[in-house]
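In what follows, every heavy atom counts, from backbone to side chain, and hydrogens, waters and symmetry copies are set aside. Chain naming here is simple, since letters A, B, ... match the order of the sequence lines and numbering starts at 1 in each.
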Protein chains: 2
Amino acid sequence: MTARSSDGNRDIPEATVARLPVYLRALVALTDQGISVCSSEELATAAGVNSAKLRKDLSYLGSYGTRGVGYDVDYLRYQIAREIGGTQDWPVVIVGIGNLGHALANFSGFRSRGFRVVGLLDADPAMAEASVAGIPVRPFADLPAIAAEHGVAIGVIAVPAVAAQSVADAMVDAGISSILNFAPIVLNVPEGVDVRKVDLSIELQILAYHEQRKAVQAL
Amino acid sequence: MTARSSDGNRDIPEATVARLPVYLRALVALTDQGISVCSSEELATAAGVNSAKLRKDLSYLGSYGTRGVGYDVDYLRYQIAREIGGTQDWPVVIVGIGNLGHALANFSGFRSRGFRVVGLLDADPAMAEASVAGIPVRPFADLPAIAAEHGVAIGVIAVPAVAAQSVADAMVDAGISSILNFAPIVLNVPEGVDVRKVDLSIELQILAYHEQRKAVQAL
DNA sequence: AGGAGTTTGTGAACGTGAGAACAAAACGCT
DNA sequence: AGCGTTTTGTTCTCACGTTCACAAACTCCT
């Protein structure tokens with residue numbers, strides 16, 4: 001049982017990666033309830049998935065359970081956190097301090113999950129005097145300086161659609177290689193830059209589609 | 001060219017449903033640019049997908065293109081909108097008027113995509129005096145009345161995690177069958193109720209995972 | 001009219017993901 | 001120690017999603 005660090009380098013399926021944070025959150029909840037050991041069935045229920053899927057997902061990370069017993073909550077939590085980079089501190093910048101930017105800046109889940117907001121930026125100079133959630137708002141032009149100073153790899157775009165592409169371009173120029181985009185537009189970025197989008201109207205439209213189908217089927 | 005409504009009843013793959021709103025948005029952008037006909041290649045580029053995938057997606061709706069020519073932008077736009085329920089008006093309620101609720105209430109994309117906010121609700125009575133985006137904020141207890149009055153099928157949850165499940169329960173009781181959940185928690189709902197979740201920290205953690213891998217591979 | 005050039009719609013091949021089912025491994029009881 | 005019980009880790013199968021590749025169908029030009 002040698003500690004081969006090569007274990008950590010297998011590539012984990014994308015679908016699994018997307019669920020690991022959910023498991024992590026469920027484990028934290030279990031810890032808060034004072035539970036120190038759980039079965040795959042219990043954890044799966046807490047995470048809202050099927051237990052076979054949970055076990056298969058965890059098997060990509062390694063063998064961290066004990067047959068006949070279950071998983072040690074704290075140990076598994078540490079292993080998942082390590083795998084998804086939750087044990088390190090990720091500096092993040094947020095661009096666009098409108099209503100949404102305010103909500104994001106005030107979001108408490110950042111710190112507890114290893115993210116630290118090191119910059120709030122807005123193109124409006126009037127904005128750049130206030131401070132939000134204890135963090136001063138600075139002019140958009142300061143992006144390269146802030147990014148360089150803190151080694152920022154992750155940026156959040158919370159500006160209107162028309163401005164989003166130019167913000168993304170500036171982020172890429174500033175060395176940011178992962179972008180979370182809230183603007184309802186398809187971003188164009190070079191190879192090697194990851195973009196994830198969060199799009200309210202798309203989600204609503206998907207719900208509306210299913211809602212319409214339910215209505216039709218009910219006839 | 002008879003209007004056979006039977007066309008609309010085939011079931012469309014989930015992955016395709018999730019992309020149709022993106023195509024719709026791209027078509028609107030093309031219209032704004034004065035473009036009235038486009039090829040699958042052009043539309044696919046605008047939507048950020050591969051052209052073969054676009055054509056296959058569209059083929060689930062019917063044959064709305066012309067070989068050797070392309071798609072009529074307005075006609076295709078209407079067909080997609082009809083398919084995903086975008087031609088009707090969906091009343092929506094938003095529960096939780098904190099920072100995020102404010103951002104959602106002010107979001108202009110609702111109206112233009114067939115959604116109408118008919119209620120802003122908050123448990124805090126102090127909140128229930130103000131109005132946001134021209135819509136009065138009402139106490140949470142009014143949910144059943146508002147839902148019944150407007151025939152609301154879609155609800156948005158923008159409350160803290162601890163309150164989310166009870167809000168979801170109340171929504172289900174009020175006859176809401178599609179929920180968009182912004183709270184970082186797995187909701188428990190009865191069969192027949194659709195839930196979609198939007199989770200900031202999960203998105204960030206997925207980005208962090210890939211960021212970490214990039215860093216490791218760079219060694 | 002006929003042929004060259006385009007572009008759609010779709011069948012077939014391939015890859016990824018989900019779930020069932022079971023062998024392997026640990027525990028506890030006698 | 002041996003046996004039954006529990007629960008993991010993994011294999012196998014099926015369903016879903018993506019991409020390729022090409023025939024069908026349309027336009028335009030001569």
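To the nearest angstrom, P of C:dG9 lies 11 Å from OH of B:Y64. As a whole-Å value, the separation of A:Q79 CD from D:dG9 P is 12 Å. Rounded to an integer number of Å, the gap from B:E14 CD to D:dT18 P is 12 Å. Distance, A:K53 NZ to D:dT8 P: 17 Å, rounded to whole Å. For the pair A:Y60 OH and D:dT11 P, the interatomic distance rounds to 11 Å; values are reported in whole Å. Here the C1' atom of nucleotide D:dT18 and the CG atom of B:L54 are 13 Å apart, to the nearest Å. Distance A:L58 CG to D:dT10 P: 11 Å, rounded to the nearest Å. Rounded to whole angstrom, the span from the CG atom of A:D57 across to the P atom of D:dG9 amounts to 12 Å.
Here the side chains of B:V193 and B:M171 are not in contact, with every heavy-atom distance at 4.5 Å or above. Between B:L204 and A:F110, some side-chain heavy-atom pair lies under the 4.5 Å cut-off. The side-chain heavy atoms of B:V198 and A:L200, taken from C-beta on, include no pair separated by under 4.5 Å. Considering only heavy atoms from C-beta on, A:F115 stays 4.5 Å or farther from B:S201 through its side chain.
Contacts of residues 38-47 of chain A with DNA chain D (heavy atom under 4.0 Å): A:S39, A:S40.
No more than 12 heavy atoms of other residues, nucleotides or ligands lie within 6.0 Å of NZ in B:K197, so this atom counts as exposed by the packing criterion.
Distance from the side chain of B:N50 is smallest to D:dC20 among C:dG9, C:dA23, D:dC20. When each of C:dT10, D:dG9, C:dG17 is scored by its nearest atom to the side-chain atoms of A:S63, the top-ranked nucleotide is D:dG9. Here D:dT8 is the nucleotide among D:dT8, C:dG9, D:dC20 with the atom lying nearest to any side-chain atom of A:Y71. Ranking C:dG19, C:dC27, C:dA24 by closeness to the A:V69 side chain, first place goes to C:dC27. Comparing atom distances between the A:R67 side chain and each of D:dT8, D:dT18, D:dC26 picks out D:dT8 as nearest. Out of D:dG9, C:dG17, D:dA21, the shortest distance to the side chain of B:R55 is found at D:dA21.
Counting atom types as modelled, B:K56 pairs no side-chain N or O with a base atom of C:dG9 as donor and acceptor under 3.5 Å.
Side-chain polar atoms of B:T45 and B:E42 form no donor-acceptor pair below 3.5 angstrom.
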Problem set entry | Criterion side-chain contact (heavy atoms from CB on, under 4.5 Å) on A:V93 and A:I176, from CA distance to verdict | CA-CA 10 Å; A:V93 293; A:I176 289 174; 3.8 Å; yes
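Heavy-atom distances to DNA chain C give each of B:T66 and A:A52 a nearest nucleotide, and the one nearer the 5′ end belongs to B:T66.
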